[in-house]
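First the structure, in the form of structure tokens, and then the observations on it.
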2 protein chains.
Amino acid sequence: MAIRTRQSQRRRQALSRERIIEAAVELLDAAGEGGLTVRALTERLATGSGAIYWHVGTRGELLDAATDTVIAAALAAEPARAPDTPQDEIRVVALGLFDAIAEHQWLATQLAIQLTRSPWGPVTLGIFESIGRQVRALGVPQGNWFTATSALVHYILGATIQNAQIGEDTSVAEPDADRADADRAEFLDAASRAWQELDPGDYPFMRAIADQMREHNDREQFLAGIDLVLTGITHLQPPTGQAHIAE
Amino acid sequence: MAIRTRQSQRRRQALSRERIIEAAVELLDAAGEGGLTVRALTERLATGSGAIYWHVGTRGELLDAATDTVIAAALAAEPARAPDTPQDEIRVVALGLFDAIAEHQWLATQLAIQLTRSPWGPVTLGIFESIGRQVRALGVPQGNWFTATSALVHYILGATIQNAQIGEDTSVAEPDADRADADRAEFLDAASRAWQELDPGDYPFMRAIADQMREHNDREQFLAGIDLVLTGITHLQPPTGQAHIAE
DNA sequence: ACCTGAACACCGTTCAAGT
DNA sequence: ACCTGAACACCGTTCAAGT
């Protein structure tokens, strides 16, 4: 009963690479990575397994294509209000990724897999380019572009992966926004309580910050981290030709 | 022929949870996540599949246990020279994770999976605690502990995941250190050339930094990012009770 | 308590055959 | 060129049976 099969009797749309990727994203959203099986896909699309391989290739290639598609859409999405400084633009791009991963939790793992397997594949390239342009607009000296952009991108990816399941909802449905808020408060409360019960000998730090956890807002916290990195970028020493002249 | 079966005829060590995890790590190191199958494991350990389930549980639980074990070891490892400032200690912890993931590439994905599924599981907790203690030692005001620690941890995780395959070797074997260096130079050169051939309309930034890629050292670059975040932490505003009094 | 291994359900992929 | 679906090899997990 879990997943409703939306179109099983006769095919409504012609089969195509795009249609297959779209259906794959629906399955992934509904049931996670394990939910995307060739059989479930052929059933949903009312076709045979060979058709999938004809249009997109193996299951792995389909996963890559789904990841590329969703990330590219998140990077291309125009924000409601036009940002007027490079800092704002960076926040917009970062929140775009943050929300995309919250909406499609399977993205966190897929992103990590692509990052590991091909560190400079299309996905990473797109993210670096988006952030890098704003770093340039910030007036950072050219020799620091790579360091500054890497720091931002890596912070964004790490934070975004950890917040995948916490951030949920936000932009999707309004009706149960209250319920989502309640869920999150409950989650934070549980985490906070768990930390307070940790062995003080092993986890003195986590115990000490247990209080802060309760009253913390994921998006605000995420943006505070962005600001911290931006501050670090502002104070970068202009690079020398040779690294580490004086250590 | 690929993987040498080290002990097949008769069992040399008594079967135990620890022995199974050890063998799992060997399989993962040799052939990645796909290389860890229950059948390969039972063959290597000269046992039946039921024994695995008796001692550790499902394949997923075994993957979690392997991840926990390797990360805990990386965090507990004592550095060659004792670090004498909190900043140095942070660099030591960060490089410990950097090297662990370079040595065990499958860790990058597993870490991301655990981070997504249980954001405050034992792995994340251990990393936060290690870094958090040093943030406290740095003299950061308590209200900023969480923000500062998150920024560091998320940067470290993001950077470390992307550098998983580039960083390889380093601490393992000396004989082919030259060869590994050559491999990396080749890799960087290829990336640099690929960026120079990108469409200037779509990727102006990546084209502009293609040169920097060639002469870049992963570990130095990683540490430069750490320093950037540390600088940002130093310049954090002391927090107010209510967030965003004046926007 | 600890271990064996056949049996089961499910999976990705291929490919001869159709249109 | 595009699609079908049976067949194949392989997988994780269970469990009655052994010690």
Side-chain angles (χ1 to χ4, degrees), chain A residues 1-3 5 7-28 30-67 106 109-110 113-114 117, chain B residues 1-3 5 7-28 30-67 106 109-110 113-114 117:
Chain A
M1 39 165 137
I3 304 155
T5 313
Q7 38 183 308
S8 37
Q9 40 270 41
R10 53 182 161 125
R11 200 175 297 151
R12 298 182 192 170
Q13 251 174 295
L15 203 52
S16 67
R17 182 182 157 86
E18 287 67 34
R19 179 71 196 101
I20 293 172
I21 292 174
E22 185 189 324
V25 170
E26 289 168 11
L27 283 173
L28 288 164
E33 213 226 270
L36 176 65
T37 67
V38 176
R39 276 165 178 80
L41 200 55
T42 57
E43 193 185 348
R44 175 170 273 240
L45 292 168
T47 183
S49 59
I52 309 296
Y53 289 82
W54 172 264
H55 284 288
V56 300
T58 66
R59 191 189 103 106
E61 290 168 319
L62 177 54
L63 267 167
D64 284 351
T67 305
W106 50 273
T109 305
Q110 272 329 102
I113 291 175
Q114 290 214 19
R117 197 204 319 128
Chain B
M1 38 165 140
I3 305 154
T5 313
Q7 39 183 305
S8 39
Q9 39 269 42
R10 52 183 161 125
R11 202 174 297 150
R12 300 179 191 174
Q13 253 175 295
L15 203 53
S16 67
R17 183 181 157 85
E18 287 68 34
R19 179 72 196 100
I20 292 172
I21 292 173
E22 184 188 326
V25 170
E26 288 167 13
L27 283 173
L28 288 164
E33 213 227 90
L36 176 63
T37 67
V38 176
R39 276 164 178 81
L41 200 56
T42 56
E43 194 185 347
R44 175 170 275 240
L45 292 168
T47 182
S49 59
I52 310 295
Y53 289 82
W54 172 264
H55 283 288
V56 300
T58 67
R59 191 190 104 106
E61 289 169 319
L62 177 53
L63 267 167
D64 284 351
T67 305
W106 50 275
T109 306
Q110 273 330 102
I113 290 175
Q114 290 214 20
R117 196 204 318 129

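Proteins get letters first, then strands, A, B, ... in listed order; numbering begins at 1 in each. The structure presented is a predicted model; accordingly, all values stated were derived computationally and were not measured. Values reported hereafter were calculated over all heavy atoms of this structure, with side chains retained and with hydrogens, waters and symmetry mates removed.
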Item checked: Nucleotide forming a Watson-Crick or wobble pair with dA17(D), both distances under 3.5 Å -> none

Check: Separation of H55(B) atom NE2 from dC2(C) atom C1', in whole Å?
Finding: 7 Å

Checklist line | Distance, rounded to the nearest Å, where W54(A) contributes CH2 and dA17(C) contributes P | finding: 18 Å

Next item on the list: Report which part of the nucleic acid T42(A) touches: base, sugar-phosphate, or nothing (heavy-atom distance under 4.0 Å, all strands).
Entry: nothing

Next item on the list: Nearest whole angstrom, please: distance from the P of dC3(D) to the CG of L41(A).
Entry: 13 Å

Notebook entry, point to check: Do E22(A) and R44(A) sit within salt-bridge range, that is, some charged N less than 4.0 Å from a carboxylate O?
Noted result: no

Check: Taking atom C1' of dG5(D) as reference, at what distance in whole Å does atom CD of E43(A) sit?
Finding: 14 Å

Note to self: Measure CG/L15(B) against C1'/dT19(D) and give the value in whole Å, please.
What the structure shows: 15 Å

Check: CZ of R59(A) versus C1' of dG12(C): gap in Å, rounded?
Finding: 9 Å

Next item on the list: Report which part of the nucleic acid L36(A) touches: base, sugar-phosphate, or nothing (heavy-atom distance under 4.0 Å, all strands).
Entry: sugar-phosphate

Notebook entry, point to check: Within the structure shown, what part of the strands sits under 4.0 Å from I52(A) by heavy-atom distance: base, sugar-phosphate, or nothing?
Noted result: nothing

Notebook entry, point to check: Could you give the CZ-to-P distance, from R19(B) to dC3(C), as a whole number of Å?
Noted result: 13 Å

Checklist line | Protein-nucleotide distance (E33(A), atom CD; dG12(C), atom C1'), rounded to Å | finding: 13 Å

Next item on the list: For dA9(C), give its Watson-Crick or G-U wobble partner with both distances under 3.5 Å, or none.
Entry: none

Checklist line | Shortest non-hydrogen contact from W106(A) toward V25(A) | finding: CZ2-CG1, 4.2 Å

Check: Quick one: CG on L28(B) to OG1 on T67(B), what's the gap to the nearest 0.5 Å?
Finding: 8.0 Å

